[in-house]
2 protein chains.
Amino acid sequence: MNKYDSLTLKNQLCFPIYLCSKEIIRRYTPLLDDLDLTYTQYITMMYLWEHNTSNVKDISDALFLDSGTLTPLLKKLEAKEYITRTRSLKDERNLDVTITKKGLTLRDKALSVPCEMSKCINLSEDEVKTLYSLMYKIVGNLSKEEE
Amino acid sequence: MNKYDSLTLKNQLCFPIYLCSKEIIRRYTPLLDDLDLTYTQYITMMYLWEHNTSNVKDISDALFLDSGTLTPLLKKLEAKEYITRTRSLKDERNLDVTITKKGLTLRDKALSVPCEMSKCINLSEDEVKTLYSLMYKIVGNLSKEEE
DNA sequence: TACAATTAAATTGCATACAACCAAAAAAAG
DNA sequence: CTTTTTTTGGTTGTATGCAATTTAATTGTA
């Protein structure tokens with residue numbers, strides 16, 4: 001026990017969270033290769049599968065990604081013909097992002113991914129529930145402090 | 001309840017983990033500015049504060065970062081004069097990474113960081129313990145599958 | 001001891017991430 | 001109805017991350 005104990009890796013809570021996130025995303029990669037999606041593109045598609053049409057701001061708010069990340073990412077999804085990008089007629093500042101037929105089709109191919117992932121994660125239902133709520137609690141606490 | 005329920009953001013466990021990691025790192029940034037460190041550089045220094053001397057492979061194993069990430073990062077830490085990089089005499093394939101006096105001094109300046117962070121995270125001791133063990137459980141499960 | 005296999009870093013290429021800044025459009029204020 | 005402010009996306013710059021490849025050094029083997 002010494003004065004620098006708080007600065008050891010094994011006493012960090014953030015480090016395993018960081019590890020966990022990285023390793024999970026690394027594990028997604030081969031599962032998503034079939035869909036020609038990266039992890040970030042996958043969650044973007046997931047948002048669009050639920051909403052069909054949206055814009056950069058709403059996607060940004062939902063996924064906690066800024067335009068510097070989203071603009072090139074959405075261009076890549078457009079290049080793969082999973083979405084379309086058009087200026088809104090009502091408000092030219094907005095960019096309408098809409099899923100295509102090809103993008104919708106992808107949803108069926110993606111159905112096996114969540115199941116495969118949860119097999120890798122391999123937690124009990126209770127553990128998943130606990131973890132889920134703790135994660136959102138932290139995210140909430142972090143944004144609370146920020147106002 | 002429909003067939004695509006497993007593909008909604010709110011039913012993902014991985015998404016809040018990913019969010020949490022990102023938001024925590026974003027919160028580290030201003031705290032680490034004083035030390036002229038990024039988050040990844042910070043955990044690398046943390047490892048070196050404990051070990052004084054190491055090499056790329058051991059750092060890589062400890063931090064789950066590959067040489068493609070570490071090589072440029074260590075060069076930056078060298079440029080800041082926090083570490084030295086020299087080829088090992090015993091085995092020229094190895095790169096000796098050693099902390100400098102300036103790098104050691106940094107440790108005292110860093111002492112306030114963990115405390116500040118845990119104030120932002122704001123979880124109870126029990127919650128921290130639960131979360132910590134669940135995170136390492138997942139990391140363990142993921143690497144188990146990988147042999 | 002030659003030669004193959006292994007190991008450690010470095011390099012290359014691609015995809016995030018975010019801060020900081022910018023430009024255009026729309027809304028608010030006077 | 002101008003002028004100012006705010007909002008929305010885009011751009012630029014810096015720093016990861018990782019897969020795949022390469023190079024050099026060392027180890028194992030016939």
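Straight-line distance from the NZ atom of B:Lys22 to the P atom of D:dG17: 13 Å, rounded to whole Å. Computed from coordinates, the B:Ile25 CD1 to C:dT16 P distance equals 17 Å when rounded to whole Å. Residue B:Leu32 contributes atom CG, which lies 14 Å from atom C1' of D:dT16 at whole-angstrom precision.
Between A:Tyr4 and B:Asp108, the side chains place a donor N or O and an acceptor N or O closer than 3.5 Å (distance only, hydrogens not considered).
Side chains of A:Val97 and A:Leu48 form a contact here, defined as non-hydrogen atoms less than 4.5 Å apart. Proximity of A:Leu35 to A:Val113: side-chain heavy atoms (C-beta onward) are separated by under 4.5 Å at one or more points.
Applying the 4.0 Å criterion to OP1 and OP2 of D:dG17, one finds that A:Tyr18 has a side-chain N or O inside that range. Residue B:Thr71 has a polar side-chain atom (N or O) positioned under 4.0 Å from OP1 or OP2 of C:dA10. Contact annotation: A:Lys76 reaches the phosphate of C:dT16 (side-chain N/O to OP1 or OP2, under 4.0 Å). For A:Ser67, no side-chain nitrogen or oxygen approaches OP1 or OP2 of D:dG10 to under 4.0 Å. Listed pair A:Asn55 / D:dG9 meets the phosphate criterion, a side-chain N or O lying under 4.0 Å from OP1 or OP2.
Counting non-hydrogen atoms under 4.0 angstrom, B:Asp91 reaches the backbone sugars and phosphates but no base.
At a threshold of 4.0 Å, the pair A:Asp36-A:Lys80 counts as salt-bridged, since one of the basic side-chain nitrogens sits closer than that to a carboxylate oxygen.
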